Amino acid sequence: MPKRTDIKKVMVIGSGPIVIGQAAEFDYAGTQACLALKEEGYEVILVNSNPATIMTDVHIADKVYMEPLKLEYVAKIIRYERPDAIVPGLGGQTGLNLAVQLAKKGILEECQVEILGTSFESIEQAEDRELFKELCIKLGEPVIPSEIVYSVEEAVEVAKKITYPVVLRPAFTLGGSGGGFADNEEQLRELMRNALAVSPVHQVLVEKSIKGYKEIEFEVMRDKNDTAIAICSMENVDPVGIHTGDSVVVAPAQTLSNKEFQMLRDSALRLIRALRIEGGCNVQFALDPLSFKYYIIEVNPRVSRSSALASKASGYPIARVTAKVAVGMTLDEIMLATAPACAEPALDYVVTKVARFPFDKFSEASNELGTQMKATGEVMSIGRTLEESILKAFRSLETGVCHLHHKKFDDMSIQDMLAYITRSTDDRIYAIAELLRRGVDRSLIYDRTKIDMLFLEKFKRIIRMEDVVRANKADREVLREA
């Protein structure tokens, strides 16, 4: 169906200032969306409180309001501007939560502002842990044993029932903030107090921990005709337990068999259709490395951090297409550079994303990683092989490291390093490389980290190449291969 002509003025809510867990990737999505809406002839009103972004440049939207992203300010702008519609899913979790507040307080109804794209019922079904669990059970999709709690005592009872270790996931929070793993009651009580305080609805999901499973993501897209495609698969090098924003991520997924890939792809498409999401959506899976058993971790009913990575990795502009789908267009009508938006991209190269951490500025902070995101940015690289892609990414970090080598581990003993890699730290990958340099068996490293053997083999190939280069410094062919 062609774009809607009954709406003229559209409001886009940005993601606000850069914070840990929400950085420039949402600025990228919002900028694409504003330009796409203007391209279709709509007047765009942007609300975003961050002047240090491309999104708030004068040519991106017709009107830019640099006001705090708080209910009272945005309500005042809506009452003054009277937009016909609002697009909620393009400003990260901040924009999504604010749009939900505006709907619940009756401001959108009062000003007759329509919600474009994914409905609030669908957003709530994906974001509310209990509703999402009910949907998965109805679809026959496997969900991790879990229960919603509203107090510390309730959490203690649930944890006894589903057995430790457990993971806490507060509802409606950004970047996993307030969550974490608890191995015993003492840790649970401490984490729960913070989790309840952080969740705006004081709701926390207590979930059985599946640390050690592979973490796989699918970026999917759907329009109102129920055409749904899988744009990109991504695989975390680290297993479940580290927030995907902190983990090294490769695209497309590298270690899946065809059966595993199709199984997870079908599941992601079933979910986006059941949730009736219109636009881009991110589905995260936990896959047992020793069987075909998988669980759904969560669904983000919005353009997410992973969407920015998937867009750049695949060349498919997810935010741009999401904005056009929101105003009524279908995927077969939206033309991209080389094909219509209903065609699934195919990648004949490997993309690696590595997170950039602020521990050089916050030297007192713990560099141990978990379900709560700590990164403040990331780099992305493209290579013909996984090895090339990994090395390009680490060289781009601008941390003074230009290879899989960190002088911190030069004088550390093998035993100390083996103990070190059992903890998920920001620099663990350099310790793994050093252990491989010293001839430690991959299976020993796998036991400590649960990083897939394929990735460990790739790291080992990089280490072996170092020896070849060292022995053949004057050989042009060897240098060219390196």
Side-chain angles (χ1 to χ4, degrees), residues 15-29 50 69 91-97 126-127 129 167-182 191 194-200 204-205 207 209-211 213-217 219 234-251 282-286 297-310 312 352-380 393 397 399 423-429:
S15 58
I18 288 173
V19 292
I20 290 176
Q22 186 167 271
E25 61 272 15
F26 294 102
D27 176 43
Y28 166 80
N50 189 356
L69 292 180
Q93 196 69 40
T94 304
L96 196 71
N97 286 355
E127 288 279 329
R129 302 289 183 184
V167 61
L168 305 184
R169 298 184 187 277
F172 292 96
T173 61
L174 167 75
S177 55
F181 288 92
L191 276 170
N194 184 37
L196 287 167
V198 165
S199 172
V204 180
L205 185 80
E207 190 176 80
S209 167
I210 43 160
K211 252 183 174 176
Y213 275 44
K214 290 182 190 184
E215 189 163 347
I216 310 289
E217 293 181 70
E219 205 61 43
M234 291 165 278
E235 179 170 4
N236 290 15
V237 170
D238 293 295
V240 171
I242 295 179
H243 192 284
T244 184
D246 287 349
S247 187
V248 175
V249 177
V250 293
N282 167 258
V283 186
Q284 292 173 18
F285 295 99
I297 299 173
E298 67 174 354
V299 170
N300 286 310
R302 56 178 169 85
V303 177
S304 67
R305 177 183 311 99
S306 301
S307 310
L309 172 64
K312 293 171 185 177
T352 304
K353 179 223 86 180
V354 181
R356 177 72 160 85
F357 296 96
F359 299 125
D360 50 342
K361 296 181 182 74
F362 302 106
S363 51
E364 297 299 305
S366 164
N367 72 335
E368 199 157 335
L369 309 176
T371 58
Q372 191 167 334
M373 189 172 162
K374 293 186 176 181
T376 46
E378 55 196 38
V379 299
M380 187 196 99
L397 281 172
T399 55
R423 293 163 51 232
S424 310
T425 55
D426 68 316
D427 54 6
R428 173 164 77 170
I429 203 158

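All values below were derived from every heavy atom in this structure, side-chain atoms included, with hydrogens, water molecules and symmetry-related copies excluded. Quick caveat, the model's predicted, so the values are computed rather than measured. For the single chain, residues carry numbers from 1 onward in sequence order.
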To the closest 0.5 Å, what do you measure between [atom1] ([X]) and [atom2] ([Y])?
X      : Y      : atom1 : atom2 : answer
Ser199 : Leu168 : OG    : CG    : 12.0 Å
Thr352 : Met234 : OG1   : CE    : 13.0 Å
His243 : Lys374 : NE2   : NZ    : 12.5 Å
Asn367 : Phe357 : CG    : CZ    : 9.0 Å
Ser366 : Arg423 : OG    : CZ    : 7.0 Å

Do the side-chain N and O atoms of Glu217 and Thr244 include a donor-acceptor pair separated by under 3.5 angstrom?
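A pair is found: one side chain offers a donor N or O, the other an acceptor, under 3.5 Å apart.
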Close side-chain approach of Val240 and Ile297, heavy atoms under 4.5 Å:
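The answer is yes; the side chains approach within 4.5 Å.
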Does the side chain of Val249 come within less than 4.5 Å of Glu215's, by heavy atoms?
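Not in contact.
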Side chain to side chain donor-acceptor pair (under 3.5 Å) involving [X] - partner list, sequence neighbours excluded:
X      : answer
Thr425 : Asp427
Lys353 : none
Asn97  : Gln93

Please identify each residue that fulfils ring-ring contact (aromatic ring centres under 6.0 Å, His included) with Phe181, with sequence neighbours left out.
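Phe181 satisfies ring-ring contact (aromatic ring centres under 6.0 Å, His included) with no other residue.
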Please name the pair of heavy atoms, one in [X] and one in [Y], separated by the smallest distance, quoted to 0.1 Å.
X      : Y      : result
Ala393 : Val354 : CB-CG2, 3.6 Å
Leu96  : Glu127 : CD2-OE2, 3.8 Å
Tyr28  : Ala308 : CD2-CB, 4.0 Å
Gly179 : Leu191 : O-CD2, 4.0 Å
Leu69  : Ser15  : CD1-C, 3.8 Å
Ala375 : Asp246 : N-OD1, 3.0 Å

Go through the steps for Asn282 and Glu219 under the test side chain to side chain contact (heavy atoms under 4.5 Å, CB included), then give the verdict.
CA-CA 5 Å; Asn282 167 258; Glu219 205 61 43; 3.2 Å; yes
Just jot down the salt bridge (charged side-chain N to carboxylate O under 4.0 Å, His left out) partners of Asp238, sequence neighbours excluded, or say none.
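Partners of Asp238 under the salt bridge (charged side-chain N to carboxylate O under 4.0 Å, His left out) test: Arg428.
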Partners passing salt bridge (charged side-chain N to carboxylate O under 4.0 Å, His left out) against Glu207 (at least two apart in sequence or in another chain)
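Listed in chain order: Arg169.
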